[in-house]
Structures are given as C-alpha cells and as structure tokens.
Amino acid sequence: MFGNLTLESFQHDMMQDMAVYGGLSTGLLVLLLITYFKKWPYLWKEWITTVDHKKIGVMYIAVVLIMFLKGVADALMMRMQQAVSVGDSQGMLSATHFQEVFSAHGTTMIFFVAMGFMFGIMNLIIPLQIGARDVAFPFLNALSFWLFTAGAMLTLLSLAIGHFSVSGWLAYAPLSGLEYSPNEGVDYWIWMVQISGVGTTLSGVNFLVTILKMRCPGMTLMKMPIFVWSALCSMVLVIMAFPILTATLLMLTVDRYLGMHFFTAGGGGNPMMYVNLIWAWGHPEVYILIMPAFGIFSEVVPTFSEKRLFGYVSMVWALIVITILSFIVWLHHFFTMGASANVNAFFGVMTILIAVPTGVKIFNWLFTKFRGRVHFTSPMLWFFSFVLNFTIGGMTGVLLSAPPVDYQVHNSLFLIAHFHGMVITGVLFGFFAGFTYWFPKFTGFFLDEKLNRHAFWCWTIGYLLAFMPLYMLGFMGATRRLDHYEASTGWHPLFVMAAIGAFIIVAGATIQFIGLFWSIYNRKKNMDPTKSLFSNSSGLNLKTGSMGDPWNGRSLEWATHSPPPIYNFAIIPTVDQTDPLWAYKRGQLKLFQGGYEDIHLPINTPVAMYIGLASLVFGFAMTWQIHWLAIISFIAILFLTIYRLSCKNEHETISAAEVAKIEKSYSQGNAA
Amino acid sequence: MTDPFLVHHTADPTADTSLPDPHQDTFSKTVLGFWCYLMTDCLLFATLFITYAVLHNNTFGGPSSKELFDLSTAFLETMILLASSVTCGFALIAAVKGNNRNILFWLAITFLLGLSFIILEIDEFRHFVSEGHSWTTSAFLSAFFTLVGTHGLHVTFGLLWMGVMFAQVYWQGVTIDTFRRLVLFSLFWHFLDLIWIFIFTFVYLLGVI
Amino acid sequence: MKKTTKPVFYMLLFSGLIFALILAMQPLQIYLLQKDISVLFPSGNIAIEQRNLLFFLQILMLVVIFPVYILTFIFSWRYRADNTKATYDPDLVDHKIAEFVWWGLPLFMVILASIITWEKTQALDPYKPITSEKKAINIQAVALQWKWLFIYPEEQIATVNYLQIPTHTPIHFYITADAPMNSLWIPDLGGQIYAMPGMQTQLNLIADQPGKFRGSSANISGEGFAGMHFITHADSEENYVQWIKSVKESGQNLNFATYEELAKPSQNISPETYQLKDLNLFNRILMKFMQPPPK
C-alpha cells in the first residue's frame with residue numbers, strides 16, 4: 001500500500017530527529033502565524049499564484065535561504081566530525097550518516113542554493129536590465145520555480161523520512177546502482193535532481209528567448225549590460241548541458257527500477273560511461289554558475305568605481321570563449337580513470353586554456369578601478385575578497401589540470417579546497433554582492449551596511465581558515481569523504497583549524513540572516529531617499545539619483561521606482577549605447593520617448609503551483625515505489641498541463657490613464 | 001477570420017515586431033522557445049545514442065543486434081512514420097487555409113498512422129521479451145529498449161497532443177492560439193520522424209550489417 | 001558618499017596582514033609537518049617527477065598572481081573615492097595594448113605550460129613501465145569491500161591491507177575491483193588510478209628509499225571506505241625475499257572459494273597474508289563481470 005515506506009523510515013538518530021522536529025516546528029509556527037494574521041488570501045493572490053518575474057525572483061531567494069541553512073548545517077557537521085573522529089574516537093556520526101551528510105551537502109548547495117540563487121537574481125534583474133516588462137514565458141517561469149521548490153522539498157523530506165544517498169553529490173555508478181545502494185537514498189537524489197533539472201531546462205529556454213527577443217528598442221546585443229551577456233552564455237550552457245543530465249538520470253533510473261544494465265558492474269554495463277556523461281553535464285554546470293557571478297561583478301565594479309566597465313568587447317569575448325571551452329574539458333574530472341596519455345594530455349591542455357579568458361576578466365575589472373573613484377561599500381568588499389581568493393583557487397585549478405599532478409591530488413582535500421575556493425569566493429561572493437547591491441531596488445531600503453561588513457570579514461577569514469589547511473591536508477595524503485582517520489597521519493591539527501574556520505563562516509552566515517531581519521525591522525531608517533519617481537506630465541524629470549537609484553547606477557533597472565511597479569517601466573525605454581542611464585544623466589540620451597499606453601499583463605494562475613505539488617508527490621511516490629500514488633500524481637501533472645495548454649491566455653489591462661495615475665502617486669509620496 | 005500569422009493582438013499587419021509585445025504568447029517568441037526545447041530533446045536523444053554506440057557490443061553472452069533485429073518491421077515502421085509526417089503537413093496546410101474539416105481529417109489519419117507505429121513497436125518489444133531477450137539481459141538490450149522506447153514514449157505523447165488538438169480545433173476552430181499550437185505540434189512530429197530516421201539508420205541498419 | 005580614507009586604509013592593512021599570514025603559514029606548516037607531507041616530500045621517483053611539475057606550474061602561476069595582488073592593493077588605495085590627487089578618467093574604457101598584454105601574455109604562458117604538461121603526461125603515464133636494470137615485480141591489486149587484496153602471482157602469495165616491496169625496484173600494479181569504483185593511492189610513491197569492477201587498470205611505481213608508506217582508497221565505495229588504508233613497507237632486497245619466504249610457509253590458503261569468503265563485506269581489516277593456490281585468481285575475478293556465470 002505504501003510501497004517500501006514503513007514506520008522504521010521515520011526513525012533516526014537523535015541529532016537528525018532534533019533537526020526534523022526543529023524544522024517541522026518552525027514550519028508549523030510560520031503556518032500558524034500566517035493563519036493568525038489572516039494572510040492566506042494575500043499570500044495566495046500575490047505570491048503563490050503569481051507569474052510576475054520579480055515576485056518569482058524573491059520566492060526563489062526565500063527557498064534558497066532555507067536550503068542554505070541546511071547546507072551550512074551539513075558542512076558544520078562534517079567539519080566537526082573530521083575534527084574529532086581520529087584514532088580511537090569515532091566522532092558523533094556513524095560512517096553511513098556522515099556519508100549521507102556530505103552527499104546532501106553537495107546536492108543541496110549546488111542544485112538548491114547556487115542554482116536557485118542564480119535564477120532568483122536573474123529573474124529579478126534580467127527583464128529590468130533589458131527594458132522589458134517580464135520574461136518571454138511568465139507561466140513557464142512560475143512553473144520552473146515550483147519544480148525547483150518541489151526538488152527542494154524532496155531534499156527536506158529525505159531528512160525526515162528514510163535515508164539519503166551515500167554516493168556523493170554526483171552518485172557515481174556502480175555505487176549508486178541497485179546492487180550497492182538498494183535503499184531509497186539514491187532514488188531520493190534522482191528525483192530531486194531530475195524534477196528541479198526539468199525546471200532549470202525550462203528556465204534556460206525562457207531566459208534565452210527573453211534576452212534574444214525582448215530587449216528594448218535600440219538595445220542590440222553589443223549594448224546589453226554584461227550581466228545580461230553572462231546570463232545569455234549561461235543559458236546557452238543550460239540548454240546544451242542539462243539534457244545530458246536528464247538522459248543520464250533516466251538511465252540510472254531504469255537501471256535501478258527496471259533492472260537494466262547501463263552502469264552496473266556486470267551484465268555488460270559500463271560505469272565509466274556514467275562518469276563521462278555526468279561530467280559532460282557537470283563541467284558546464286559549474287560554468288553555468290560562475291558566469292552570472294562574473295556578470296554581477298561586472299555590474300558592481302563599474303558602479304562603485306564611478307566609471308564604465310573597461311574593455312566591454314573583450315569581456316563579451318571572454319564569456320563566449322569560456323562558454324565554448326567549457327564543453328571540451330570534462331575529462332579533467334577523471335584523469336585517474338585510466339585514459340591514454342594522449343587523451344589526458346589533450347583535456348589537460350584545454351583546461352589550462354580556460355585560465356586565459358578568466359584572467360582577462362580579472363584584469364578588466366581591475367582596470368575599471370584604474371582612474372576611477374572607488375567606494376568600498378560591501379558589494380565592493382565582496383569583490384575585493386573575490387579577486388584575492390578566486391585567483392588562488394584558479395591557480396590550484398591550473399595545477400590540477402596537469403594530469404600527472406592530478407594523479408596525486410585527485411579526490412584529495414586539495415581538490416575540495418580548490419573547488420570550494422571557486423564556488424564560495426566566486427559564485428557565493430558574487431551572489432552576496434548582487435544581493436546587497438540590488439536589495440534597495442526591490443525593497444526601497446538598504447541592508448544594514450555595518451552588519452554586512454561584519455559578515456564579510458567572518459566569511460573571508462572563516463573561508464581562509466576552513467580551506468587553506470585543506471590544501472596541505474591533500475598534500476599529506478588525506479582523501480575526501482573520510483569519516484575517520486588514524487592519529488599517525490598527523491592530520492588532526494589541520495582538521496581542527498578547518499573546523500574553527502567553519503564555525504566562523506557560520507557566524508558570518510548568522511550575521512547575514514540577522515542582518516536581513518534587522519534591516520527589515522529598521523527599514524524606515526534605512527530608506528533609499530531616491531526611491532520615488534518625480535515626474536511631470538510630459539515625461540520624466542530626472543536628476544541624478546531621483547529615481548530608485550541610490551548608487552548612481554548606469555543600467556536600466558535603476559531607471560524605475562524602488563520597488564518597481566508591476567509593469568516595470570511605465571514607458572518602455574529606448575537606448576543607443578551601453579550604460580544608458582549614465583548617458584541619460586549626462587544628457588546624451590532621451591530615455592523614455594512617447595507617452596503612456598495601455599499595458600497588458602498576464603493574470604495569476606495556481607496551475608504552476610499545482611504542477612509543482614503534483615511533481616513533489618510523484619517524486620516521493622517514485623522514491624518509495626508507491627505505485628498507485630505515482631500513477632495518480634503523474635496523471636494529475638498530465639491533466640494540469642493539458643488544461644493549461646488548452647485555456648486562453650487571459651490578460652489584464654492597465655489603461656494608459658491608470659498608468660498615469662500610478663506614476664503620479666509615486667511623486668506624491670504615497671507609492672505602493 | 002483573423003490571419004493566424006499576426007504577431008500582435010492588434011489588427012495592424014504592419015505592426016513593428018521589434019517593438020516589445022506586452023502579450024506573452026507571441027508567435028515568434030513561442031516558436032523560438034519551442035525550437036530551443038526541441039534542441040534540448042535532440043541532445044537528450046544524442047546522449048542515448050552515444051550510450052547505445054558505446055554499449056551495443058556488450059551483449060554479455062546474449063544475442064547481438066545482427067541476430068535480433070528484423071529489418072522488415074523496422075522498415076514498415078519507418079514508412080508509416082514518414083507517411084504520418086506527410087499527413088501532418090496536409091493538416092497544417094488545411095490550418096493555413098482555415099479549413100476545419102480537413103484539419104480534423106488529416107489529424108485523424110496522422111493519429112492512426114502514429115498509433116500503428118506504436119502498436120508495431122510494442123509488438124516487436126513483446127516478441128523480444130517473450131524470447132528471453134529483455135532489457136535486463138544485457139547492456140546492449142538495455143540501451144536498445146531505452147533509446148527506442150524513449151522515442152516511442154515521445155510518439156505516445158504526440159498522440160496525446162494530437163487528441164487534444166483534435167478537440168481544440170473541433171470546439172474552437174482555427175484561432176491564433178490553436179494555429180500556433182498546431183504549428184508547434186507539427187514541429188514536434190517532424191522532429192520525432194527525424195529521430196526515427198537516425199534510429200533506423202544507426203540502430204537497425206548498421207545493427208544488421 | 002562620505003570621506004572613506006581611514007576605513008579603506010585599515011581594510012587594506014587588515015587584508016594584507018591576513019594574506020601575509022596565510023603566506024607565512026605555508027613554510028611553517030611544511031617545516032612542522034614535513035615528514036607527513038607525502039606529495040611534497042615523496043620517496044619514489046614517479047612522485048618526485050609529479051611534484052616537480054607541480055612546482056613548475058606553481059611558479060608560472062605566481063607570475064600572474066603577483067601582479068593581480070599588487071594591482072588590487074595599489075588601485076584600491078590610490079583610486080579610493082576621496083583621493084582627489086588621483087586622476088579621474090570616467091571614459092577610460094579601452095586600451096588596445098593593455099588588452100594585448102593580458103590576452104597575449106597568459107596565452108603564451110599557457111602554451112608553455114601546455115608543452116611541458118603534454119610531455120610530462122606522456123612520461124608519467126601510469127601504464128608506462130619504469131625503465132630499470134631490475135626486473136619489475138608484478139602485483140595484482142583488487143579493491144574489495146572494504147579492504148585491498150594484493151596478489152603476487154610470480155611469488156605465489158597474497159596479502160590483505162599490506163604491501164611489502166624492495167626498494168629501487170619497479171613495481172607494476174594490475175588493478176581491478178570486486179566492489180564499486182575505488183582508487184589505489186600511495187602518495188609517497190606516486191599518483192593514483194581507479195580500480196573498477198570488470199576493468200583492469202595499471203600503475204607503475206618505484207620506491208627510492210626504505211620506509212613505511214601509507215596507502216588508501218581515494219574514491220568513495222560505501223560504508224567502510226575510510227578503513228581501506230594499508231601500509232606499503234619498502235625495504236631491502238634481502239628482507240623482501242625473507243618476507244616472501246615466511247609468507248609462503250605460514251600463510252592461509254587463497255583459492256577462489258576462500259576468496260569468495262574474503263570478498264564478503266567487512267571493515268577495518270588488519271593485515272593478513274596468504275599462500276596463493278589459484279594462480280589465475282585475478283583473471284577469474286575480472287571475468288566474473290564480463291560474462292554470465294556458467295549455468
């Protein structure tokens with residue numbers, strides 16, 4: 001009746017129980033509060049059924065914050081275990097539990113923190129930066145979000161019900177196959193990644209079409225902000241790489257569910273094929289993550305250097321070269337699998353080559369500061385730390401790209417230190433910078449700058465303390481994913497240092513969380529003085545910073561109110577160069593031409609959320625092999641899709657007069 | 001009736017399509033988006049193809065493709081699918097002309113042809129399994145069943161889509177929306193035919209050489 | 001925005017101190033832990049060559065890193081917002097020579113690195129036998145759950161979680177697994193290679209000094225993975241011969257039947273020795289995965 005689900009699946013060790021009860025209680029508390037304050041109609045109308053890219057972006061980030069808590073908790077547990085589990089001590093976690101924790105940590109951080117954060121920021125910013133009213137396919141956008149959330153919820157469910165996978169964040173075969181991992185762990189992993197992966201692929205198509213088709217008049221490709229370029233390249237990678245993941249997961253699924261032999265040890269199966277395919281996706285994936293972070297720095301650095309970005313064309317070409325190269329390097333993740341010297345050497349050379357465009361970008365950012373006027377706001381602090389730390393990580397990447405060196409340090413903590421350097425100081429710091437930078441745009445007030453700085457120092461110092469020792473540990477022969485080691489290895493002191501670093505990082509993350517709530521609490525004090533538009537009837541009278549533009553920005557998202565109205569721009573802007581808002585402020589460009597027109601917007605719909613919910617049920621049912629539930633939820637998905645694709649695309653219209661009224665109310669200080 | 005090629009919900013056929021369109025379902029955007037989706041599907045099949053290429057000799061002591069495949073069935077399936085692409089094309093021509101009855105007629109023929117394809121394929125699979133050559137026997141068979149089966153699943157979804165389009169055209173006739181959906185469907189159907197040509201060539205033809 | 005000199009100064013000073021500290025820590029760590037840092041102070045020629053390539057690439061990279069660091073600090077200080085002495089040129093957005101330098105110079109360095117890397121990859125191919133006057137010792141390694149089985153086919157002995165080899169003698173490993181993917185790694189002697197069921201990989205290593213070197217599995221293979229470490233004892237030729245003799249006299253028997261017992265999952269196994277009764281054992285283990293069991 002319930003497939004493989006039994007009462008035993010709900011029993012865990014005390015630590016996990018505490019986490020589950022803690023999470024459940026918090027969730028219940030939130031639900032109770034919403035009910036008490038009678039906010040369900042508001043939530044339903046404004047958020048759950050929305051197809052507005054700005055709201056969807058905020059929701060992405062909300063889910064990301066929750067998943068980030070889980071990922072960081074996992075990390076802390078790992079560091080504590082490895083600091084303690086030496087010699088006779090076995091640490092707090094059993095070997096299996098430790099292996100579940102590091103598998104969950106990687107899966108959560110890559111799929112539900114990094115990807116979610118990226119799509120959240122892209123949702124918020126891309127349509128504004130290209131002067132559009134929304135993305136190309138708003139319903140699909142909402143659907144992608146709910147599929148993402150379904151995957152995230154499966155991750156949280158795996159904490160409470162049953163066990164998670166023990167085969168790492170990529171679930172190499174044959175360990176992830178039926179023979180060596182018969183329980184539900186790998187199935188959880190398959191469905192959470194597959195479901196959210198479909199959402200990602202849809203978003204890839206969505207943003208690609210948005211950028212190609214919906215730029216405002218005059219914005220040719222070479223006049224787009226670099227962040228939009230980075231998103232374009234990233235989405236090209238999404239479209240080309242994610243289908244590989246979908247197919248590979250499909251093959252692993254039929255191996256496990258139907259007894260097939262794609263990746264089994266016997267039966268003619270070929271586990272090396274799994275490794276090849278998963279990394280053919282996996283390597284583009286990490287570039288999917290880093291390019292938007294680079295794009296964010298390309299926005300932040302010029303703004304806070306009061307100067308245009310240095311070498312725009314060079315930056316674009318660097319992005320394109322990175323995009324192309326990222327498809328011909330994947331073998332460097334398994335130099336040690338025994339390919340011939342020629343094959344290994346080829347991929348090694350291709351990998352070293354990627355250092356060139358990356359270096360180009362760093363120099364261009366630095367020379368943006370050259371002869372500029374640099375303001376060290378917290379986004380710039382993140383950039384500063386990024387430059388110093390990412391280059392070290394990149395340097396160790398070049399070391400790893402030489403196969404003979406890789407033979408020694410592959411799968412050691414040296415590797416872990418390298419890629420965390422890339423992901424933390426590159427992707428995460430970039431997203432932190434973007435979050436702080438664009439926060440006033442969507443809320444009308446600033447994040448507390450002082451708390452930001454404290455968080456920044458905690459993250460930088462904590463990161464260095466947590467990961468620099470890992471380089472040395474790798475040289476000392478410490479492999480990754482060890483739940484215990486002998487005292488004679490001499491590794492213990494370095495693990496203790498790393499654990500201290502992890503605690504400092506957690507302190508930094510805590511400060512950020514507190515800072516968020518503190519800033520919301522103090523929002524009246526931190527108000528953005530420029531948030532409302534001052535307009536007259538014939539168009540827009542803009543002095544520097546008199547329109548949702550606290551940082552003296554250069555791109556179009558700053559050319560509307562903070563927070564933007566639902567239609568983004570009352571009049572779609574017309575541009576003729578990069579940095580159009582600066583050009584406007586210097587009198588070189590008439591940004592808004594013509595008068596107000598009727599604006600048509602898509603209406604809300606709950607269908608996206610329903611499909612997400614049905615997908616969650618489907619994933620859970622498939623994990624536990626509850627066949628009747630899987631069939632019902634699958635039919636529900638089918639039915640909802642057909643329903644959606646059969647109904648007319650209804651719109652609501654905001655008449656030109658209404659638009660004028662809304663715009664006027666901003667100038668009178670009673671903006672929404 | 002309105003020209004289904006209009007890209008704005010305005011009556012002006014000279015409307016500048018480079019201007020932003022507040023309606024989110026513009027013909028050109030949706031078609032581009034669908035082409036992008038088709039490319040992702042293409043890559044999915046490419047992954048299954050290269051896996052088949054790597055595994056097709058791993059018969060684990062069982063039969064090889066030469067011993068197993070029946071070219072006449074595969075050829076018949078190919079002809080059926082090609083014919084269905086032609087009839088699908090006729091359905092689109094009827095849609096451009098706005099002739100509801102012809103659309104329904106050609107859609108029904110396409111559906112029947114697609115259904116025959118699926119029936120033939122299921123029969124082929126059943127035959128293999130009853131002889132003891134199932135997808136659990138070897139990596140080669142796993143790859144074969146998954147590649148061809150995934151294509152068959154796509155065709156089945158196409159049949160479902162066709163059913164829905166039949167209903168829509170029946171109840172609503174040719175509108176901007178139903179026309180657009182017919183165009184997208186025909187892209188999908190032709191794409192599946194193309195994938196089948198690859199399957200026929202690289203799996204069946206090359207498999208029996 | 002307000003005058004910001006003092007905070008900027010302290011920020012730069014503080015970061016500079018942090019990075020100087022990190023830099024200083026490296027030689028300190030090396031000094032304190034030297035004997036344990038297998039990859040940097042190895043005991044076998046393969047590992048030494050690999051380390052030398054690491055050093056070469058590291059120095060090449062520093063040629064780029066140093067300017068980046070210096071420019072970052074200088075630009076941050078000189079062009080801070082309230083430094084009115086510095087030139088402010090908001091339209092300086094392009095410089096052909098600068099672009100040429102930072103596309104060209106790294107490209108040149110990458111080409112140099114690539115040539116060296118290509119050569120070294122050929123020379124240090126794990127499958128390439130080590131040229132030596134001494135005849136190579138063949139050892140067949142099987143990754144099990146969760147221990148290592150080492151078979152000496154010519155000496156007709158086998159060991160679990162223990163290796164003894166003579167110094168200055170090439171060791172030619174033939175590696176497979178009866179388990180999920182593992183990786184055979186003895187960092188003091190050289191790099192690793194995966195051990196995979198149904199596949200055979202090879203690894204060539206040599207010990208230049210006597211000692212007890214830690215080996216392990218470097219790829220997660222399940223619950224007992226962390227316990228898969230073993231000692232490689234490199235000693236004189238005489239002691240090696242003596243050891244072989246003692247194992248042949250005292251060890252338990254290892255044939256395919258006892259092997260199947262051994263292959264059952266077990267963790268944290270202490271070293272064991274065996275007399276090899278089935279000389280074809282390794283091939284039989286390999287073939288297990290290549291064809292169905294005889295009916």
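Residue numbers start from 1 in every chain, and the chains themselves are labelled A, B, ... in the order their sequence lines are given, proteins ahead of strands.
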Walk me through it: do A/V374 and C/V8 pass the test side chain to side chain contact (heavy atoms under 4.5 Å, CB included)?
-> CA-CA 10 Å; A/V374 180; C/V8 175; over 6 Å; no
Candidate pair C/F73 and A/F384, rule ring pair (Phe, Tyr, Trp, His ring centres under 6.0 Å), full reasoning = CA-CA 9 Å; C/F73 278 93; A/F384 183 76; 5.7 Å; yes
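Between the OH atom of C/Y88 and the OG atom of A/S305 there is a distance of 9.0 Å, given to the nearest 0.5 Å. Interatomic distance, C/R214 CZ to A/M476 CE, rounded to the nearest 0.5 Å: 10.5 Å. To the nearest 0.5 Å, atom CZ of residue A/F310 and atom NE2 of residue C/H95 are 6.5 Å apart. Rounded to the nearest 0.5 angstrom, A/F376 CZ and C/M11 CE are separated by 4.5 Å. Distance check, rounded to the nearest 0.5 Å: CD1 of C/I18 to OG1 of A/T460 gives 7.0 Å. Taken from CG in C/L124 to CG in A/N344, the straight-line distance is 11.5 Å, to the nearest 0.5 Å.
If you measure heavy-atom distances from C/S76 to chain A, the contacts under 4.5 Å come from both the backbone and the side chain. Residue contact with chain C, scored on non-hydrogen atoms closer than 4.5 Å, involves the side chain of A/L381 exclusively. Heavy-atom distances place both the backbone and the side chain of A/L353 under 4.5 Å from chain C. Heavy-atom distances place both the backbone and the side chain of A/T489 under 4.5 Å from chain C. Using a 4.5 Å cut-off between heavy atoms, A/F346 contacts chain C through both its backbone and its side chain. If you measure heavy-atom distances from A/F102 to chain C, the contacts under 4.5 Å come from the side chain alone. Heavy-atom distances place no part of A/L400 under 4.5 Å from chain C, backbone and side chain included. Contact annotation for C/A86: neither backbone nor side-chain heavy atoms come within less than 4.5 Å of a heavy atom of chain A. In this structure, the portion of A/N270 lying under 4.5 Å from any heavy atom of chain C is its side chain and not its backbone. For A/V360, the parts sitting under 4.5 Å from any heavy atom of chain C are the backbone and the side chain alike. Residue C/W185 touches chain A through its side chain alone, counting heavy-atom pairs closer than 4.5 Å.
For the set C/D125, C/I175, C/I220, C/L62, the entry with the most heavy-atom pairs within less than 4.5 Å of chain A is C/I220. Ranked by non-hydrogen atom pairs under 4.5 Å with chain C, the options A/P357, A/G266, A/S314 are led by A/S314. Chain C forms the most heavy-atom pairs under 4.5 Å with one residue out of A/T391, A/N342, A/L465, and that residue is A/N342. No other option in A/V398, A/L309, A/T368, A/T396 has as many heavy-atom pairs under 4.5 Å with chain C as A/V398. The candidate with the highest count of non-hydrogen atom pairs below 4.5 Å against chain C, out of A/P403, A/P404, A/S401, A/A318, is A/P404. Looking only at heavy-atom pairs under 4.5 Å with chain C, the residue among A/R480, A/R481, A/M337 that has the most is A/M337. Contact count against chain C (heavy-atom pairs under 4.5 Å) is highest for A/M272 among A/E179, A/M468, A/H484, A/M272.
Under the 4.5 Å side-chain criterion, counting only non-hydrogen atoms from C-beta, A/L464 is in contact with C/F19. Residues C/M181 and A/V275 form a side-chain contact, since some pair of their non-hydrogen atoms from C-beta on lies under 4.5 Å apart. A heavy-atom distance below 4.5 Å is found between the side chains of C/P187 and A/Q408. A 4.5 Å side-chain heavy-atom check between A/L366 and C/T72 finds at least one atom pair inside the cut-off. Counting heavy atoms from C-beta outward, C/P180 and A/Y172 have side chains that stay 4.5 Å or more apart. Between A/F475 and C/R51, the closest side-chain pair of non-hydrogen atoms is not below 4.5 Å. Counting heavy atoms from C-beta on, the side chains of A/W457 and C/S15 come closer than 4.5 Å. C/F56 has its side chain out of reach of A/V405: every pair of non-hydrogen atoms, C-beta onward, lies at least 4.5 Å apart.
Aromatic ring orientation, A/F370 versus C/Y79: perpendicular (interplanar angle above 60°, classes split at 30° and 60°). Using a 30° and 60° split on the angle between ring planes, A/F363 and C/W102 fall in the parallel class, below 30°.
The shortest heavy-atom contact between C/L53 and A/A402 is CD2-CB, 4.0 Å.
Using a distance-only test at 3.5 Å, with no hydrogens or angles considered, no donor-acceptor pair links the side chain of C/E223 to the main chain of A/A95. Remark: side-chain polar atoms of C/Y69 are paired, donor with acceptor, to backbone N or O of A/L388 under 3.5 angstrom. C/Q192 places a side-chain N or O within 3.5 Å of a backbone atom of A/Y407 that can act as its donor or acceptor partner.
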